[in-house]
*Asks:* 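My structure is below; once you've seen it, I'll send some questions.
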Amino acid sequence: MAKQKVKTTFYCQSCGTQHAKWMGKCSECGTWNSIVEEVITNETAAVPGVKETFSIKKTSRPILIDEVEISDIPRIKLPGTELNRVLGGGLVPGSLILFGGDPGIGKSTLMLQMSLRLKGKKIVYVTGEESEQQIKMRANRIGNANPTCFLLTETNTQSIFHHISELQPDVVVVDSIQTLHTAVLDSSPGSISQIRESASEFMRFAKETGTPVFLIGHITKEGSIAGPKILEHMVDVVLQFEGDRNHFYRLLRAKKNRFGSTNELGIYEMQGSGLKEVPNPSDILISNREEPLSGVAVSATMEGMRPLLIEVQALVSTAAYGTPQRSATGFDTRRLNMLLAVLEKRCGFRLSAKDVFLNIAGGIKVDDPAIDLAVITAILSSNEDVPVTAKYCFAAEVGLSGEIRPVSKIDQRISEAEKLGFEAIFVSKYNKKGINRSDFNIEIIFIGKVEELYNKLF
Ligand code: TYD
Ligand code: MG
């Protein structure tokens with residue numbers, strides 16, 4: 001036996017940088033207390049008859065870009081429209097996809113559901129987290145059966161490759177990357193070097209065999225995929241599953257996609273029997289108000305390429321304690337403070353002694369600046385205690401001087417509002433040029449200042 005050489009090295013758990021010695025703060029990314037020591041041995045795997053890693057054997061030479069031929073390998077169509085759309089129109093053979101999300105959000109459910117519905121394709125679902133019985137129970141819950149879906153409870157990458165090369169599946173799902181360990185390294189599963197090495201083995205496997213691989217990854221407190229950032233650089237696609245655990249809606253986004261746009265969004269609803277696609281989300285996100293309520297306004301936002309009508313709720317009340325509270329769910333608190341300052345300073349509303357609470361319905365997070373106008377409307381409506389009619393909808397950004405600013409894709413927003421039966425939409429007057437009024441039956445109200453909004457509504 002070859003002499004075992006023990007080598008240790010230090011990794012930053014946040015950015016994956018390798019350091020020669022331990023430090024309190026990573027010199028690369030500046031994170032405190034993130035450096036860990038990991039043992040690495042150079043001894044290679046000793047599973048007999050097992051090809052240890054995958055390597056691309058082709059030698060390469062420079063080639064003119066015009067001579068490169070794109071072989072037309074069709075994408076694998078996945079069941080359901082949402083996942084296909086987020087991936088850019090299906091699964092590209094040989095792609096490596098990292099699928100991240102908070103614990104309990106439904107990553108395993110979505111992947112199992114996909115595996116069970118992908119009829120006629122051979123799938124291997126590798127799990128290091130749950131037993132076969134647990135998976136079977138979940139499969140029963142989802143209520144689908146696929147005679148060509150295999151389960152493999154294994155965490156050693158070498159034996160995983162051993163099994164997959166026998167089965168030759170069309171798709172591989174690994175749940176999760178943090179449980180894998182490769183015999184090439186000596187450190188424990190879940191450590192930076194293990195995650196990195198296991199992922200790169202799967203990358204070589206995917207590229208060499210043309211088999212698409214989904215790697216499920218956990219997310220750290222800060223919201224990035226646990227393990228080094230390097231994982232995100234390595235893979236072709238990074239999918240993120242988000243949503244509030246206490247709400248039913250789950251959003252599937254592509255944070256990176258080498259084969260398509262990252263603007264697409266998939267929306268699912270968690271039900272008793274798995275995840276159900278939501279084809280017309282706006283319908284559900286807006287509550288059907290019987291009687292008018294103050295502090296509610298509907299915004300026509302865009303989530304990537306998809307228009308989404310979302311209800312904004314605000315509550316303004318006299319502060320019970322000295323310092324007024326400002327809190328927002330689903331909306332940036334700093335932006336809320338900014339909008340409140342605009343209302344205070346530019347428009348003369350006395351809000352500095354008031355508590356302000358803001359909530360975006362459905363547990364959805366919105367970054368689209370076009371929601372500003374609805375936020376302001378909801379705050380003013382609650383402050384005045386005057387309801388805004390449920391037939392109005394809003395789409396504009398609010399600037400620091402209280403001006404109503406134009407937003408992109410205004411046509412799509414207006415069409416969506418019209419489709420859902422709104423009677424009027426408030427937009428910036430600077431959007432006027434881009435709108436062909438004869439295209440729409442909905443009334444379009446152009447405004448330029450917050451005061452105009454106030455005068456029209458209250
Ligand atoms: P899971 O897929 O295990 O999450 P992850 O792999 O991201 O950690 O999903 C967990 C939650 O989903 C769990 O709390 C139960 C719930 N769930 C349902 O509500 N309905 C279902 O049909 C299934 C399978 C799970
Ligand atoms: Mg899971």
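Atoms within each ligand, like the ligands themselves, are counted from 1 in listed order. Keep in mind that the numbers below use all heavy atoms, side chains included, and drop hydrogens, waters and symmetry copies.
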*Asks:* Tell me: protein heavy atom nearest atom 6 (O) of ligand 1, and distance?
*Replies:*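 Answer, as residue, atom name and distance: Ser108 OG, 2.5 Å.
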*Asks:* So does Lys365 pair up with Glu242, basic N to acidic O under 4.0 Å?
*Replies:*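 So Lys365 does not pair with Glu242 through a salt bridge.
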*Asks:* Which residue in the set Ile76, Leu239, Asp236 passes side chain to side chain contact (heavy atoms under 4.5 Å, CB included) when paired with Leu87?
*Replies:* Leu239
*Asks:* Can you tell me if an N/O/S atom from Ser108 lies under 2.8 Å from the Mg ion (ligand 2)?
*Replies:* yes
*Asks:* Answer yes or no: is there a side-chain heavy-atom contact under 4.5 Å between Glu82 and Arg85?
*Replies:* yes
*Asks:* Donor-acceptor pair, distance only, cut-off 3.5 Å: does the side chain of Thr153 make one with the backbone of Ser131?
*Replies:*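 No.
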*Asks:* Once you restrict to heavy atoms under 4.0 Å, what part of Pro103 touches ligand 1? Side chain, backbone, both or neither.
*Replies:* backbone
*Asks:* Starting from atom 9 (O) of ligand 1, what is the nearest protein heavy atom, named by residue and atom, and what distance separates them?
*Replies:* Thr109 OG1, 3.4 Å
*Asks:* Any Lys/Arg nitrogen of Glu397 or Arg335 sitting under 4.0 Å from an Asp/Glu carboxylate oxygen of the other?
*Replies:*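 Counted as a salt bridge, because a side-chain N and a carboxylate O are separated by less than 4.0 Å.
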*Asks:* Below the 3.5 angstrom mark, is there an N/O of Glu130, backbone or side chain, next to an N/O of ligand 1?
*Replies:* no
*Asks:* Aromatic rings Phe394 and Phe426: how do their planes relate, parallel, tilted or perpendicular, breaks at 30° and 60°?
*Replies:*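 Answer is parallel, since the angle falls under 30°.
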*Asks:* Answer with yes or no whether the side chains of His162 and Glu154 bring together a donor and an acceptor at under 3.5 Å.
*Replies:*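 The criterion, which ignores hydrogens and geometry beyond distance, is not satisfied for His162 and Glu154.
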*Asks:* Backbone, side chain, both or neither: what part of Lys107 comes under 4.0 angstrom of ligand 1, heavy atoms only?
*Replies:* both
*Asks:* If you take the nearest heavy atom of each of Arg141, His218, Arg138, Glu269, which one is closest to atom 15 (C) of ligand 1?
*Replies:* Arg141
*Asks:* Protein heavy atom under 4.0 angstrom of atom 13 (C) of ligand 1, is there one?
*Replies:* no
*Asks:* Using distance alone, decide if ligand 1 has a nitrogen or oxygen within less than 3.5 Å of any nitrogen or oxygen in Ile142.
*Replies:* no
*Asks:* Note the single closest protein heavy atom to atom 16 (C) of ligand 1, along with its residue, its atom name and the distance in Å.
*Replies:* Met270 CE, 3.9 Å
*Asks:* Which residue owns the protein heavy atom closest to atom 22 (O) of ligand 1, what's the atom, and how far is it?
*Replies:* Gly274 N, 2.5 Å
*Asks:* Starting from atom 4 (O) of ligand 1, locate the nearest protein heavy atom and write down its residue, its atom name and how far away it is, to 0.1 Å.
*Replies:* Gly106 N, 3.1 Å
*Asks:* Under the side-chain hydrogen bond (donor to acceptor under 3.5 Å, both in side chains) rule, collect the residues that match up with Ser261, sequence neighbours excluded.
*Replies:* none
*Asks:* With a 4.0 Å cut-off on heavy atoms, is Gly101 touching ligand 1?
*Replies:*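 Distance cut 4.0 Å: Gly101 fails for ligand 1.
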*Asks:* Does Phe259, at its CZ atom, have more than 12 non-hydrogen atoms belonging to other residues, nucleotides or ligands within less than 6.0 Å?
*Replies:* yes
*Asks:* For ligand 1, which atoms have a heavy atom of Ser273 less than 4.0 angstrom away?
*Replies:* 22 (O)
*Asks:* Answer yes or no: does an N/O atom from Gly104 fall short of 3.5 Å to an N/O atom of ligand 1?
*Replies:*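 Yes, Gly104 has an N/O under 3.5 Å of an N/O on ligand 1.
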*Asks:* So, Ser294 versus Asp385: side-chain donor-acceptor pair below 3.5 Å or not?
*Replies:*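 The answer is yes; a qualifying pair exists.
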*Asks:* Could you tell me the residue and atom name of the protein heavy atom closest to atom 20 (N) of ligand 1, and the distance to it rounded to 0.1 Å?
*Replies:* Gln271 O, 2.6 Å
